**Q** 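Sharing a structure below in structure tokens format, with a few things to ask.
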2 protein chains.
Amino acid sequence: MAHRDDSVETIQQEMTAFARRARATAARMHPELSLVSYTLLAHLDDQNGCRATDLAAHYFLDKSTVSRQIAALEKLGFVERRVDPDDHRVQVLHPTQKGAQVLANVTASRRQAFHERLADWDEADLDRFASYLLRYNAAQERLG
Amino acid sequence: MAHRDDSVETIQQEMTAFARRARATAARMHPELSLVSYTLLAHLDDQNGCRATDLAAHYFLDKSTVSRQIAALEKLGFVERRVDPDDHRVQVLHPTQKGAQVLANVTASRRQAFHERLADWDEADLDRFASYLLRYNAAQERLG
DNA sequence: ATCGAGAGTTGTATTAGCCAACCATCGATA
DNA sequence: TATCGATGGTTGGCTAATACAACTCTCGAT
């Protein structure tokens with residue numbers, strides 16, 4: 001069990017180290033779009049629009065948090081709200097033209113940065129790393 | 001390059017997904033010690049004491065942030081300051097008895113949670129995952 | 001027609017972080 | 001040896017992200 005403990009300890013340490021820095025790094029690289037905004041906007045783009053409630057559920061955020069984030073994105077002209085004609089309670093959120101553009105830029109530059117960081121990894125390692133992360137996060141989601 | 005792009009995209013997504021949740025999870029699990037406090041305290045314990053400046057450098061935090069975090073930990077009775085007799089500018093920080101105790105508890109419970117998440121992983125996978133994370137973070141440190 | 005549930009917003013508070021201005025001390029050097 | 005730049009640390013002021021609670025509006029079922 002000793003070796004197993006060591007690995008777990010390392011994973012724990014490194015994941016949290018990563019967590020501490022991710023936000024700051026994102027902010028430095030993309031002052032126009034914070035990590036959260038970016039994620040939300042990307043989700044909207046990916047889903048071809050969705051409700052604020054869906055975002056909150058998907059990212060485990062409070063609905064008030066999402067509401068304010070969306071308000072900010074709207075003020076920047078990056079998302080627009082379309083009231084659902086069948087249910088006037090819901091607003092379906094979509095990236096605007098401008099929002100899609102900014103998203104594309106940030107995505108490209110983030111991908112670039114990640115590529116640099118991962119440049120000397122061979123494909124098999126990348127693939128395994130990606131699958132480990134998926135597996136890990138799925139477990140986290142399952143167990144809280 | 002297509003497959004490589006996919007892996008990179010996944011790594012990016014999952015790392016950031018993790019980052020978004022880590023703090024909240026930590027806060028929920030250990031209200032008595034935030035993620036940052038925990039990390040700083042753990043470092044002090046690990047290093048058998050160090051300076052605030054060292055903490056800031058190691059974790060890429062502003063010295064003011066560290067100063068306030070340490071002040072909070074001191075108020076809670078978890079760390080103590082010992083002025084370096086050879087240089088009255090520096091305060092060497094140490095966990096107190098109480099701080100070491102709390103740290104041990106939180107560490108145990110965190111480790112427990114991680115073990116649950118990773119229970120069905122075999123040892124080789126754990127080991128590889130840990131080394132990937134180390135490698136990734138080292139690259140991030142190198143490249144900013 | 002009413003009432004409970006769901007979608008969103010707003011008020012309030014907390015936490016973590018940054019930057020800049022500051023104070024005290026140290027060590028080198030003019 | 002008096003001074004000055006560098007170092008360690010604190011404080012003031014600000015922002016971003018978040019949570020929780022209270023609220024409004026709308027819907028659907030009774």
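Only a predicted model underlies this, so the values are computations on that prediction, with no experimental measurement involved. Sequence lines set the chain letters: A, B, ... in the order given, protein chains first and strands last, and positions in each chain run from 1.
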**Q** Compare the minimum distances between each of D/dC20, C/dG17, D/dG12 and the side chain of A/Asp62, then state the nucleotide with the smallest one.
**A**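 The listed nucleotide nearest to A/Asp62's side chain is D/dC20.
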
**Q** Find the distance A/Gln91:CD to D/dT24:P and express it as a whole number of Å.
**A** 18 Å

**Q** Please report, rounded to the nearest Å, how far the C1' atom of C/dT15 is from the CG atom of B/Leu73.
**A**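 Those two atoms, CG and C1', are 14 Å apart.
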
**Q** Any idea which of C/dA16, D/dA17, D/dT11 is nearest the B/Gln69 side chain?
**A**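 Selected nucleotide (nearest to the side chain): C/dA16.
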
**Q** Dot-bracket for DNA chain D, please. Rules: Watson-Crick or G-U, both distances under 3.5 Å, ( ) within the strand, [ ] when a pair crosses earlier ones, | for another strand, . otherwise.
**A** ||||||||||||||||||||||||||||||

**Q** Any sub-3.5 Å donor-acceptor pair from A/Ser67's side-chain atoms to A/Lys63's backbone N or O?
**A** no

**Q** Please report the distance, rounded to the nearest Å, between CZ in B/Phe60 and P in C/dC18.
**A**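 The distance from CZ of B/Phe60 to P of C/dC18 comes to 12 Å, rounded to the nearest Å.
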
**Q** Provide, to the nearest angstrom, the distance between the CG atom belonging to B/Leu61 and the P atom belonging to D/dG8.
**A** 16 Å

**Q** Got a donor-acceptor contact below 3.5 angstrom from the A/Ser7 side chain to the B/Ala130 backbone?
**A** no

**Q** Same cluster or not: A/Leu44 versus A/Val36, using hydrophobic residues (I, L, V, M, F, W, Y) connected whenever any side-chain heavy atoms lie under 4.5 Å apart?
**A**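 Cluster IDs for A/Leu44 and A/Val36 match.
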
**Q** How would you label the contact of A/Ile70 with the nucleic acid (heavy atoms, under 4.0 Å): base, sugar-phosphate, or nothing?
**A**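 Contact class for A/Ile70: none.
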
**Q** Would you mind reading off the distance between A/Arg82 atom CZ and C/dG8 atom C1', rounded to a whole angstrom?
**A**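 It is 19 Å, rounded to the nearest whole Å.
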
**Q** May I ask you to check whether A/Trp121 and B/Tyr136 place their ring centers less than 6.0 Å from one another?
**A** no

**Q** Rounded to whole Å, please give me the gap between NZ in B/Lys63 and P in C/dA20.
**A**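 It is 12 Å, rounded to the nearest whole Å.
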
**Q** Looking at every heavy atom in both A/Ser37 and A/Gln69, which two are closest together, and how far apart are they?
**A** OG-OE1, 3.2 Å

**Q** Examine the base of C/dG6 for any acceptor or donor lying under 3.5 Å from a partner atom in the side chain of A/Arg51, and report the outcome as yes or no.
**A**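 Check fails, no donor-acceptor contact within cut-off.
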
**Q** Check this for me, if you would: do B/Arg135 and A/Asp125 make a salt bridge, where the nitrogen-to-carboxylate-oxygen distance has to be below 4.0 angstrom?
**A** yes

**Q** To the nearest Å, how far apart are A/Leu93 CG and C/dG8 P?
**A** 7 Å

**Q** Identify which nucleotide among C/dC19, D/dG9, D/dA19 has an atom closest to any side-chain atom of A/Thr65, counting heavy atoms from C-beta outward.
**A** D/dA19

**Q** If you go through the side-chain atoms of A/Arg68, does one of them form a donor-acceptor pair with the base of C/dT12 closer than 3.5 Å?
**A** yes

**Q** Could you check whether B/Ser64 gets within reach of a base, just the sugar-phosphate, or nothing at all, counting any heavy atom under 4.0 Å?
**A**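 Result for B/Ser64 = base.
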
**Q** State which residue, out of A/Leu40, A/Leu41, A/Asp45, fulfils the side-chain contact (heavy atoms from CB on, under 4.5 Å) condition with A/Val79.
**A**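 Looking at A/Leu40, A/Leu41, A/Asp45, the match for A/Val79 under the side-chain contact (heavy atoms from CB on, under 4.5 Å) is A/Leu41.
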
**Q** Got a donor-acceptor contact below 3.5 angstrom from the B/Asp54 side chain to the B/Arg51 backbone?
**A**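 Such a contact is found between B/Asp54 side chain and B/Arg51 backbone.
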
**Q** I want to check something: taking the side chain as every heavy atom from C-beta on, are B/Leu93 and B/Leu55 in contact at a cut-off of under 4.5 Å?
**A**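 Side-chain contact under 4.5 Å: yes.
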
**Q** Just the rounded figure in Å: distance from P of D/dA19 to OH of A/Tyr59.
**A** 15 Å

**Q** List, with names and distances, any nitrogen or oxygen atoms from the protein found under 3.5 Å away from nitrogen or oxygen atoms belonging to nucleotides 25-30 of chain D.
**A**
unit_1	atom_1	unit_2	atom_2	d
D/dC27	OP1	A/His88	N	2.8

**Q** If you only use heavy atoms from C-beta on, which nucleotide in C/dT9, C/dA20, C/dA7 is closest to the side chain of A/Ser67?
**A** C/dT9

**Q** Would you say that A/Cys50 contacts A/His43 through its side chain, given a criterion of any heavy-atom pair below 4.5 Å between the two side chains?
**A**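 Touching, per the 4.5 Å side-chain cut-off.
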
